[in-house]
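Since this is a predicted model, take the numbers as computed values, not measurements.
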Amino acid sequence: MRLVVQSKATGFVLIPSMDDGGQFEWTNDLKRIGAGVVRDFEHAAQLVEDHTDFEHVPQIVDLDRLGTSEDYK
């Protein structure tokens, strides 16, 4: 399972900041999104709780579902 936290409001993905250890930031840079991939749902849910605001309308996206019969429709 490869999960990312994505903002429904902006389409950006939550990743660890390269400049500020322990902090997170939103990015739409596809080259950097891999840094935000986590392997379990509980960890992804904790990222949502700790690092997102309601205005982002966060969602957890399973990258392994994309392009399959189980794809998000």
Rounded at 0.5 Å granularity, tell me how far OG1 in T10 sits from CD in E55. 10.0 Å
Within this structure, what is the OG1-CD distance for the pair T52 and Q59, rounded to the nearest 0.5 Å? 11.5 Å
At their closest point, which heavy atom of T27 faces which heavy atom of D29, and how far apart are they? OG1-N, 3.0 Å
Quick check on the hydrophobic clustering: are V4 and L30 connected, directly or via other members, by side-chain heavy-atom contacts under 4.5 Å? yes
How close do V48 and P58 get, heavy atom to heavy atom, and via which atoms? CG1-CG, 3.7 Å
Between atom CD of E49 and atom CD of Q46, what is the distance when rounded to the nearest 0.5 Å? 5.0 Å
If only atom types and distance count, is the side chain of Q6 paired as donor or acceptor with the main-chain N or O of G11 below 3.5 Å? yes
Nearest atoms (heavy-atom pairs only) where V5 meets W26: O-CZ3, 3.8 Å
Contact summary for A35 and P16, nearest pair of heavy atoms: O-CD, 3.2 Å
Which residue pairs pass the side-chain hydrogen bond (donor to acceptor under 3.5 Å, both in side chains) test with at least one member in residues 31-40, sequence neighbours excluded? E25-R32
Report yes if some heavy atom in the side chain of L63 is under 4.5 Å from a heavy atom in the side chain of V37; otherwise report no. yes
If you measure from CG on D53 to OG on S7, what distance do you get to the nearest 0.5 Å? 10.0 Å
Are L14 and V57 connected, step by step, through hydrophobic side chains (Ile, Leu, Val, Met, Phe, Trp, Tyr) whose heavy atoms are closer than 4.5 Å? no
Partner residues of F24 under the ring pair (Phe, Tyr, Trp, His ring centres under 6.0 Å) criterion, sequence neighbours left out: H51
Suppose the criterion is side-chain hydrogen bond (donor to acceptor under 3.5 Å, both in side chains): which pairs have a residue in residues 63-73, not counting sequence neighbours? R2-D64
Go through the steps to decide whether V38 and L47 satisfy the test side chain to side chain contact (heavy atoms under 4.5 Å, CB included), and finish with yes or no. CA-CA 10 Å; V38 296; L47 288 173; 3.8 Å; yes
